[in-house]
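What follows is a short report on a single structure.
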Amino acid sequence: MKEMTEVQEEARRCVKCGNCLAQCPVYAETLEEPLAARGKMALVESLKEDDPEYTKRYYKILSQCLLCGTCAENCPNGVCGDEIIREARALLVEKKGLTLPKKAIFKYFLDTDRLMPLVLKAGASLQHLFLEKIPEESGLRLRFPMPFVDSKRFIPGLAPDAFLTYRSGWARAEKETMRVGLFVGCVSNYMFPRIAQAALDLFVRNGVSVYIPKEQKCCGLPAFGSGDDETPRSIARKNIEAFAEENLDQIIAHCASCAAMLKLDYPLLFGKDDPFRQKALAFAEKVSDATLFLPRVLPGPRNQEPGTGPLRVTYHDPCHLRRKLGIFKEPRDLLKCTPGLEFVEMKDANRCCGQGGSFNVANYDLSLKILDRKTKAIEESKADIVTTTCSGCMLQLMDGIHQAGLKKEVRHLVEMIDQATVL
Ligand code: SF4
Ligand code: SF4
């Protein structure tokens, strides 16, 4: 973790030119200067550790950021607004600690071997008591008011069995050309096991043997984004060890946010003198997002002319994929050359959907306003299906589409490619 003086020095590089203002999704909805990167950089510059108002004044403003990286992308001075804001959150957490609900979720839920699987298994069995099916849709909504969950919210529901309870170890390809590890991620594990299954089937069918360690955990991003470095450091150690044994060529994550966390943030969690740092660097070197990996192993279009329908598909860029990992061409190319799909670009496909991890929980109404622009763009595209590769974006887009009453599906890109190329 960086020292306060270091973080403030980075914030001071902001010359307050306002170039990033118009692009900030939070500023666009609120028109409040303190909530744009320029305002937040000024706030970070003025942080004083001995200020008694330290928490109250800063916490709320710093929490109203999606960490989308749009300000950094548009900054002519190379100010990484999102990274500075996350570091400032970490400084706050170090000084004041986490809020109680976050502490309970991160430390006693994300970073445990048994509690999360047990609680979510029980939740899957009992969810019908708290949630009711939404007519004609494959989703649920609350029967009763609950803390932190808005009654309007679309909830996909938990799978009866988590993916990792019935699928782990090696799945060997017939003519093996490569050996990879599959990082499953929480949403895919507990809500949409079909995505992990699609990735597994697609890889094995195309000559890639897949190793799935049962001991793998959440990537740690929800805690990291909230400024908690300790929990993700502990989780990172366990994930790195889980993939260490099998001499893998690559480690593939199909969720863009997990991929960015494993590849970019794990090495940052270990200081220069930490003996684990080298392991984290070697692990990160092997990590790849599925959309970057797939073009290397897929044989190309078969059976049908690519890009000719009958399904019209559009694509939403997850911020973690486009701005953190720099991947935006590959997912589009994959969709364009997949038989049976007609790819259509939506307006502002790279604009943040408003999910932003805990931002969506703490600032739900603001998150919905940001999402509204995305939902309109999806509607205008006239696509039947909207694809993306981040599980957080998927949940957010499902919520937007449900609330707008649109008859459209949200699917993970890997699922689309798997289904279209199965013949
Ligand atoms: S990271 Fe995104 S939400 Fe946060 S200040 Fe920058 S542009 Fe705005
Ligand atoms: S963060 Fe960059 S673009 Fe935004 S006001 Fe500061 S210097 Fe200008």
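Start at 1 and go down the list; that is how both ligands and their atoms are numbered.
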Exercise. Are the charged groups of E345 and R332 less than 4.0 angstrom apart, N to O?
Worked result: yes
Exercise. What protein heavy atom sits nearest atom 6 (Fe) of ligand 2, and how far off is it?
Worked result: C14 SG, 2.3 Å
For this session: Decide yes or no on salt bridge (charged side-chain N to carboxylate O under 4.0 Å, His left out) for D348 and K374, but give the supporting numbers first.
Result: CA-CA 8 Å; D348 293 334; K374 182 63 64 180; over 6 Å; no
For this session: Going by the side chain to side chain donor-acceptor pair (under 3.5 Å) test, name the single residue among Q403, Q396, H402 that passes it with D399.
Result: Q403
Seminar exercise, completed: the protein heavy atom lying closest to atom 7 (S) of ligand 1 turns out to be C71 N, 3.4 Å
Exercise. Going by atom types only, do D111 and S234 share a side-chain donor-acceptor pair under 3.5 Å?
Worked result: yes
Problem set entry | Proximal atoms of ligand 2 relative to G18 (non-hydrogen, under 4.0 Å) | 5 (S), 8 (Fe)
Exercise. Under 4.0 Å from any heavy atom of G69, which atoms of ligand 1 are there?
Worked result: 1 (S)
For this session: Would you mind running through ligand 2 and noting each atom that sits below 4.0 Å from a heavy atom of P76?
Result: 3 (S)
Exercise. Hey, are D289 and T291 close enough side-chain-wise for a donor-acceptor pair under 3.5 Å?
Worked result: yes
Seminar exercise, completed: In this structure, atom 3 (S) of ligand 1 is nearest to the protein heavy atom L66 N, 3.4 Å
For this session: Would you please classify the geometry between the F293 ring and the F203 ring as parallel, tilted or perpendicular, with 30° and 60° separating the classes?
Result: perpendicular
Exercise. Is the closest heavy-atom distance from M41 to ligand 2 below 4.0 Å?
Worked result: no
Problem set entry | Which residue and heavy atom of the protein sit nearest atom 8 (Fe) of ligand 1, plus the separation | C24 SG, 2.4 Å
Exercise. Can you list the atoms of ligand 2 that are under 4.0 Å from a heavy atom of C20?
Worked result: 1 (S), 3 (S), 4 (Fe), 5 (S)
Problem set entry | Between S188 and H254: side-chain donor-acceptor atoms closer than 3.5 Å | yes
Exercise. Can A36 be said to touch ligand 2, with heavy atoms closer than 4.0 Å?
Worked result: no
Problem set entry | Those atoms of ligand 1 less than 4.0 Å from some heavy atom in D82 | 1 (S)
For this session: Establish, yes or no, whether a centroid distance under 6.0 Å links the rings of F163 and F192.
Result: no
For this session: Mark up the atoms of ligand 1 that fall under 4.0 Å of a heavy atom belonging to L67, in ascending order.
Result: 1 (S)
Problem set entry | Reported NE2-to-CG distance for the pair H320 and L325, which is rounded to 0.5 angstrom | 8.5 Å
Problem set entry | Sub-4.0 Å atoms of ligand 2 with respect to non-hydrogen atoms of N77 | 7 (S)
For this session: Please write down residue, atom name and distance for the protein heavy atom closest to atom 2 (Fe) of ligand 1.
Result: C68 SG, 2.3 Å
Exercise. Starting from atom 4 (Fe) of ligand 1, which protein heavy atom do you reach first, and at what distance in Å?
Worked result: C65 SG, 2.3 Å
For this session: State whether a side-chain donor-acceptor pair under 3.5 Å links D372 with T375.
Result: no
Exercise. What protein heavy atom sits nearest atom 5 (S) of ligand 1, and how far off is it?
Worked result: A37 N, 3.7 Å
